[in-house]
There are 2 protein chains.
Amino acid sequence: MELVRGARPHGRDKLRSNLIEWFHWLLREAEMYDVRYPVKGAYVWRPYGMKLRRNVENLIRQLHDEAGHQEVLFPVFIPYEYFGKESQHIRGFEKEVFWVSKGGEAGERLVLRPTSETAIMPMVKLWVQDYKDLPLKLYQIVSVFRAETKMTHPMIRLREISMFKEAHTVHVDREDAERQVREAVEIYKKIFDEMCLAYMVNKRPDWDKFAGAEYTIAFDTVLPDGRTLQIGTVHYLGTNFTEVFEVTYLDADGSRKLAHTTSYGISERSIAAMLITHGDDGGTTIPPKLAPIQVVVVPIYYGEEELSVVMSFVREVVNSLASGGVRVYLDDRADKTPGWKFYYWELKGVPLRVEVGKRDVEKRQAVVTRRDTLEKYAVGLGNLVDAVRELMRAVEENLRKNAWEELRRRVVKAEGVEAAKAAIREGKVVEVPWSGDNECGMKIQELVGADALGVAMDADTSVGGYDLRDLACRDKRAEVWLRLSERY
Amino acid sequence: MELVRGARPHGRDKLRSNLIEWFHWLLREAEMYDVRYPVKGAYVWRPYGMKLRRNVENLIRQLHDEAGHQEVLFPVFIPYEYFGKESQHIRGFEKEVFWVSKGGEAGERLVLRPTSETAIMPMVKLWVQDYKDLPLKLYQIVSVFRAETKMTHPMIRLREISMFKEAHTVHVDREDAERQVREAVEIYKKIFDEMCLAYMVNKRPDWDKFAGAEYTIAFDTVLPDGRTLQIGTVHYLGTNFTEVFEVTYLDADGSRKLAHTTSYGISERSIAAMLITHGDDGGTTIPPKLAPIQVVVVPIYYGEEELSVVMSFVREVVNSLASGGVRVYLDDRADKTPGWKFYYWELKGVPLRVEVGKRDVEKRQAVVTRRDTLEKYAVGLGNLVDAVRELMRAVEENLRKNAWEELRRRVVKAEGVEAAKAAIREGKVVEVPWSGDNECGMKIQELVGADALGVAMDADTSVGGYDLRDLACRDKRAEVWLRLSERY
């Protein structure tokens, strides 16, 4: 493998200056997703996007299965009677729920699930008899519905979230449920690691937790314009749902006890974050393990006689990659130029491109271009599969490294209001001193003009020995750093 | 492989005498599907059922992908304005459509898709420019919704059909669209062949075609109580939808032409048919290729000292099967007897059971029992993987053979009304002489007291040289045989 040309990656100016506009451009031009469907916040997955999505779904499914979760499928309809049982839950979701009515009739009172705690609990009550049935770890990948009044964005803010993986687990006690919360956090880390995403793990402040949860742990990533995007949440629900649905179990000592539950969710937002994080003004780079096409082969020839020579070697190249287990696609369209094809496949994020021209045939080699850096390597046919595997690993590592470097650059500390506001203006996540008091925390949000993400679970949160004051309540000693940012 | 005991399969009396009751029993006891969800016609897939369903979905996906279809995903919501565009379509579906209303507000007029022609056509109009974009072959696997007023049945008659595979294809002309209809019929045959189902292919009479179709071809299977179940349909839609949605393309000659479309659907009904067709009073047999567990291993021992000897050999058996690519499960529960486990796994339809007792360890063999026939074979460890593969093939072939024999026994001809009524009473599909006139056909339904399935496409439909009269209209000469049955 010989480096033919060094890196000259695409810029990111368009991407940074108007991220949402850039994302619309990417989805349209890469033929992944169509926003022209005539219902607000409901969009169409096109074949190329759907293949990518299936790969992400399979990753999610595999990691949940390996950790002992079982896949189920519950109905979309939830009787309002059940939906309204848990008072915090209904207060949180009532305004954004879609109602169903049978053609004109005043029939049952049904809602479309915005999340499935209240659909699953009545069945769990039937399934769980005694402590041997616990823990019970279920998940499903489904559409959920939220009547957003805010502006909707493709894959990011939807009225039909069509790839909602929701896990629901049931446990004998708080200790086991909180162990599950930690397991869920580890599963999500693995998912995002495979997607080459960088993330913060934040314990959401009380006023922003899931409706019905004791507490919520959220994964936030930072997009290239400095705003954060929540890409996953894990909730400890305590006995809030098991009390109202009477989910009890017979313990070993013969007594009947209330179960404790958790739930955790992830959606197509993670795919949006992946496409944007690895995006540039030429398109995006899809992490090789998740890419529908890992290697695109582009033959380069002039005239009929070169065609047959080149194509015969190209077929050797394609066969060699395919039999090496690489997802390879041959773009042999005669009515498109090589340059047009380069542009097309860079847009679509195919991680490696293999070019074969007449001179390559003579040398029995191919030229491999990395999508992320646009570095080019000449590789002999005999080493091609190994080189492609090595370059795919390198692309993956580079995407992950860049994502983490960008995120780390974005998180700063500020001890005063002006410094905090300046950091937000510069597109940073800012950490400010906080007493832990809810009212002070909400005041901090107002003062800084940004949203509180909560307290870091992935770093030392204590202010340590410093004698810092709460940013909003100067009479209070600060205990922890509160993270704030602009959010999508 | 040595036959230890001949066949003594379970009976089918319970199954035949009350099929729906038996099906409820199977789904509950085999822990596949829960009908206790508190919304009519909306049920829950439990983990074991879900695994089976995933295998069926993957089969459907694979066969559609191989035939050049591309998977997409459209929203659940359809604007009523679009849904109502095709007049036959809206007339057919209007009564059974669910409406959506945002929490109390009088907002958009949205319906939940009962099928997606009217969601897909507006987007196809945007995607199709010229003849080079055709044919376009799309499919999705989604939930669709029908406000059934009839009695609902698990997997069979639902208000949320949660595994609706709907394909939608777009073509330059009638000829290419009808070629696609034939391709769809072949794909469906392959799917049902893999599910070991027997089927009739019937061209539905005009009065029973899909709302908006030029004609409908249906797959009907016969259940063990003699009633038929529609398990798949293929529609030629002509230009009915492309006219109202203005789906045109630029042809090679520079003229703009209307495209022709087809659609074809299959649902979890096919899984119901599979479980019932291969069912008996002990449970069911799942075709080995689709079974979540292909082989269950049951150790048999008395006392602690046998336990360790048996278990050590059992682990060899399990490893050998697993490394042979067999989906094997070891049931090593200490608190259940072997007899209990036999009953349990027969119920769940696991195609092969492997028993290992102390004597088997001495002979380094295992006893393999076929679920369908309950025949037992002694097999040495060295031949186990090969024997299991051969027996799985034998189970599959036997299920398919039995299904086809049963179906062929059920289809009879009758030339008079009384004979036709008697055949229906005996649980037969009856073929009677028909002129082809719609009014006469509907009269035949009344006279015989059964539903017309249509005209066979899988047999000679012509009455041939016989001078037969239409069963209802005696003044008319019969041209074809009309199939009738009781239907689910």
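Not measured: the values here are computed from a predicted model. Reckoned from all heavy atoms, side chains included, excluding hydrogens, waters and symmetry mates.
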Atom [atom1] of [X] and atom [atom2] of [Y]: how far apart are they, to the nearest 0.5 Å?
| X | Y | atom1 | atom2 | value |
| --- | --- | --- | --- | --- |
| Phe245(B) | Glu86(B) | CZ | CD | 8.5 Å |
| His171(B) | Thr169(B) | NE2 | OG1 | 2.5 Å |
| Ser116(B) | His168(B) | OG | NE2 | 5.0 Å |
| Lys165(B) | Leu59(B) | NZ | CG | 11.5 Å |
| Glu96(B) | Glu148(B) | CD | CD | 5.5 Å |
| Glu57(B) | Ile141(B) | CD | CD1 | 5.0 Å |

Under 4.5 Å, heavy atom to heavy atom, which residues of [range] contact chain B?
| range | answer |
| --- | --- |
| residues 121-136 of chain A | Met123(A), Leu126(A), Trp127(A) |
| residues 64-71 of chain A | Gln70(A), Glu71(A) |
| residues 151-159 of chain A | Arg159(A) |

Is a side-chain N or O of [X] found less than 3.5 angstrom from the main chain of [Y], in a donor-acceptor match?
| X | Y | answer |
| --- | --- | --- |
| Glu160(B) | Pro75(A) | no |
| Lys341(A) | Asp331(A) | yes |
| Arg113(A) | Ser143(A) | yes |
| Glu117(B) | Ser263(B) | no |

Lys336(A) NZ/CZ over Tyr344(A) ring centroid, <6.0 Å and within 45° of normal: no
Under a 4.5 Å cutoff for heavy-atom pairs, which residue among Leu110(A), Leu73(A), Ile120(A) has the most contacts with chain B? Leu73(A)
With a 4.5 Å cut-off on heavy-atom pairs, point out which of Arg53(A), Glu31(A), Arg54(A), Lys51(A) contacts chain B the most. Arg54(A)
Side chains of Glu268(B) and Ser270(B): donor-acceptor distance under 3.5 Å anywhere? no
Does any backbone or side-chain atom of Phe145(A) lie under 4.5 Å from a heavy atom of chain B? Answer side chain, backbone, both or neither. side chain
So which residues of residues 38-46 of chain B are in contact with chain A at a heavy-atom cut-off of under 4.5 Å? Pro38(B), Val39(B), Lys40(B), Ala42(B), Tyr43(B), Val44(B), Trp45(B), Arg46(B)
Measure centre to centre between the rings of Phe77(A) and Tyr37(B), then say whether the value is under 6.0 Å. no
Among Gly49(B), Ser162(B), Ala119(B), which residue forms the greatest number of heavy-atom pairs with chain A at distances under 4.5 Å? Ala119(B)
Heavy-atom pair count under 4.5 Å with chain A, highest-scoring of Leu112(B), Val111(B), Leu138(B): Leu112(B)
Using a strict 4.0 Å threshold on nitrogen-to-oxygen distance, state whether [X] and [Y] make a salt bridge.
| X | Y | answer |
| --- | --- | --- |
| Lys85(A) | Glu81(A) | no |
| Asp34(A) | Arg36(A) | yes |
| Asp335(A) | Arg333(A) | no |
| Lys348(B) | Glu29(B) | no |

Smallest separation among heavy atoms of Ile286(A) and Pro292(A), with atom names: CD1-CD, 4.2 Å
Which answer fits [X], side chain, backbone, both or neither, if we ask what part of it has an atom under 4.5 Å from a heavy atom of chain A?
| X | result |
| --- | --- |
| Arg146(B) | neither |
| Ile78(B) | both |
| Tyr48(B) | neither |

Thr115(B) and Phe93(B): side chain to side chain contact (heavy atoms under 4.5 Å, CB included), yes or no, with the steps? CA-CA 9 Å; Thr115(B) 173; Phe93(B) 281 104; 3.8 Å; yes
Evaluate the ring planes of Phe83(A) and Tyr80(A), with Trp represented by its six-membered ring, and classify them as parallel (under 30°), tilted (30 to 60°) or perpendicular (over 60°). tilted
